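First up is the structure itself, then whatever we jot down about it.
Labels below follow one simple rule: chain letters A, B, ... track the order of the sequence lines, proteins then strands, and each chain is numbered from 1. It should be emphasised that the depicted structure is a prediction, and the values quoted were computed from it without experimental measurement.
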Number of protein chains: 2
Amino acid sequence: MPPGTRDALIDAATRLLDQGGVEAVTLREVGRLAGVSHNAPYKYFPSKEALLAAIAARELTARRDALDATSRRGLAPEAVVRSVMRQYIAWVLAHPARFKLIYGKWSIDSAELGEAAHAAQEKLVEIVAAAQDAEALPPGDPVRLAALIRALAHGAADLAAADHLAAGGKGHADPEDLVDDLLGYLRPGVPGRA
Amino acid sequence: MPPGTRDALIDAATRLLDQGGVEAVTLREVGRLAGVSHNAPYKYFPSKEALLAAIAARELTARRDALDATSRRGLAPEAVVRSVMRQYIAWVLAHPARFKLIYGKWSIDSAELGEAAHAAQEKLVEIVAAAQDAEALPPGDPVRLAALIRALAHGAADLAAADHLAAGGKGHADPEDLVDDLLGYLRPGVPGRA
DNA sequence: ACCTGAACACCGTTCAAGT
DNA sequence: ACCTGAACACCGTTCAAGT
């Protein structure tokens, strides 16, 4: 079954999510796009939220694969870190509804979702640790430094997506600028930004 | 009219928001809590989303006032910055639904909401600029440095609220730790974290 | 000016029934 | 095993009507 009803449902729901946000994802419209009735999804997912969790898990796995691909490209360790942060921001701005969905509130907890998130997080820690080994990032707990870097990219992207970065929007501070600023401050042994 | 139906509606909606997230805010329940019918809100707000925007604007104004109060407390400039970041994180963790609402997707644009966001942002820039003047933060465009600091607090708090900080949740990296780490890296003239 | 009750189109979910 | 159509309770919004 190459298409597969289950995948067709996830595809349809993802399309609706991208086009109109999570509130545009109705089971009736998902069914219509997938060519089934509006309650066929209940054969594959116990609830609408479980369908949304499947979208989120699939997306997080794709993000982890993207991190993996970047880390294998043969770039210098610091370039990998910078590239990964830029990709994160580009992803949020390209698919804000997927981003909001993943980090929004969940009433159910999907093991698939939790594991996908964990895998992506671990990949980033590896990348940061490699940059530390090359002395391109300051020493210390790589989990903690990865969390710092990721939190900045996450916050900058979210504020940019919500149009709350540097109120007035003069391009005074794009999320990419903030990434560069942070990496500048993190450069080991070099005081300040210079 | 001390209570005032309009304020009673915002109060009721805020209570529902805090208790069950934005999806728990239904006009029927808002009306019931406020002691009016389920369509009385339409006399004060053109839509449900406009009522939500009023909540968001009120909250942003309260945040600005909190920033203002902290900056007038007579603390050293660096202590003000640290205190303000901790307050931001505490606010997100205490009222995640208000936070998600403010930075979520808006189909309408409320002038009140935009102005409240701008006022809060400007207050933070003032605080950062004062710390720069006291050489407690590195020099440069205060708007940009304020954006960096805020983006980190925003991202760390959002990831913590969504339980995505340092997957595994061992307290390896609390949002407050990340704030301290960033301020350490930003200390002018001192290389690294030491 | 402020509020109500009935009505409309829509939604998630359940269920009996079909193949 | 997989899917459908009818039904239920709920929702945002509109509207005619009341004071």
Side-chain angles (χ1 to χ4, degrees), chain A residues 1-57 97-98 100-101 104-110 112-113, chain B residues 1-57 97-98 100-101 104-110 112-113:
Chain A
M1 23 36 190
T5 303
R6 196 189 127 101
D7 283 328
L9 291 169
I10 298 181
D11 287 343
T14 302
R15 225 170 314 147
L16 290 169
L17 177 68
D18 285 341
Q19 284 171 10
V22 71
E23 68 192 10
V25 184
T26 68
L27 291 182
R28 281 163 164 87
E29 195 62 15
V30 167
R32 212 184 55 79
L33 281 181
V36 293
S37 77
H38 73 280
N39 33 21
Y42 285 97
K43 277 292 150 183
Y44 301 92
F45 307 98
S47 67
K48 177 184 169 180
E49 200 179 5
L51 169 58
L52 293 175
I55 298 178
R98 300 185 194 186
K100 295 279 186 203
L101 176 69
K105 198 194 156 203
W106 294 95
S107 303
I108 60 177
D109 51 357
S110 150
E112 191 191 5
L113 180 52
Chain B
M1 25 39 187
T5 303
R6 197 190 127 101
D7 284 329
L9 291 169
I10 299 181
D11 287 343
T14 302
R15 224 169 315 146
L16 290 168
L17 177 69
D18 285 340
Q19 284 171 10
V22 71
E23 70 193 10
V25 183
T26 69
L27 291 183
R28 281 165 164 87
E29 195 62 14
V30 168
R32 211 183 56 78
L33 281 181
V36 293
S37 77
H38 72 280
N39 33 22
Y42 285 97
K43 278 291 151 182
Y44 302 92
F45 306 98
S47 67
K48 177 185 169 179
E49 199 179 5
L51 169 59
L52 293 174
I55 297 178
R98 301 185 193 186
K100 296 279 186 205
L101 176 69
K105 198 193 157 204
W106 294 96
S107 303
I108 60 176
D109 50 357
S110 150
E112 191 191 4
L113 180 53

Could you tell me the separation between the CG atom of A:Leu101 and the CD1 atom of A:Ile55, rounded to the nearest 0.5 Å?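 So the gap between those two atoms works out to 6.5 Å.
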
- prompt: If you round to the nearest 0.5 Å, how far is CG of B:Leu17 from CD1 of B:Ile10?
  reply: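 Between B:Ile10 CD1 and B:Leu17 CG, I get 12.5 Å after rounding to 0.5 Å.
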
Worksheet item: Is the base of C:dG12 touched by the side chain of A:Asn39 through a donor-acceptor pair closer than 3.5 angstrom?
Response: no

Nearest-nucleotide pick for A:Tyr42, side chain only, options being D:dC3, C:dT14, C:dT4: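 The answer is C:dT14.
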
Of C:dC3, D:dG12, C:dG12, the nucleotide closest to the side chain of A:Arg28 is C:dG12

Grab the [atom1]-[atom2] distance between [X] and [N] for me, whole Å please.
X	N	atom1	atom2	answer
A:Glu49	C:dC11	CD	P	18 Å
B:Arg6	C:dC3	CZ	P	13 Å
A:Leu27	C:dT14	CG	P	11 Å
A:His38	C:dT14	NE2	P	12 Å
B:Phe45	D:dT14	CZ	C1'	19 Å
B:Ile108	D:dT13	CD1	P	10 Å
A:Glu23	D:dG12	CD	C1'	12 Å
B:Lys48	C:dC10	NZ	C1'	13 Å

Under-4.0 Å side-chain N/O to phosphate OP1/OP2 contact, A:Thr26 with C:dC10: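 For C:dC10, OP1/OP2 do not have a side-chain N/O of A:Thr26 under 4.0 Å.
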
Worksheet item: Does D:dG12 have OP1 or OP2 sitting under 4.0 Å from an N or O in the side chain of B:Ser47?
Response: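 The answer is no; no side-chain N or O of B:Ser47 sits under 4.0 Å from OP1 or OP2.
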
For this session: State whether the side chain of A:Lys48 and the backbone N or O of A:Val25 hold a donor-acceptor pair below 3.5 Å, judged by distance alone.
Result: yes

Subject >> Any donor-acceptor pair under 3.5 Å from A:Glu49 side chain to A:Ser107 backbone >> reply: yes

Applying the 3.5 Å cut-off to both distances, the Watson-Crick or G-U partner of C:dT13 turns out to be D:dA7

If pairing means Watson-Crick or G-U wobble with both distances under 3.5 Å, then the partner of D:dG18 is C:dC2

Assign [X] to base, sugar-phosphate, or nothing according to its heavy-atom contacts below 4.0 angstrom with the strands shown.
X	value
A:Val25	sugar-phosphate
A:Lys43	base
A:Tyr44	sugar-phosphate

Side-chain contact test, heavy atoms from C-beta onward, threshold under 4.5 Å: evaluate it for B:Ile108 versus B:Leu113 and give yes or no.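 With C-beta onward as the side chain, the pair stays apart.
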
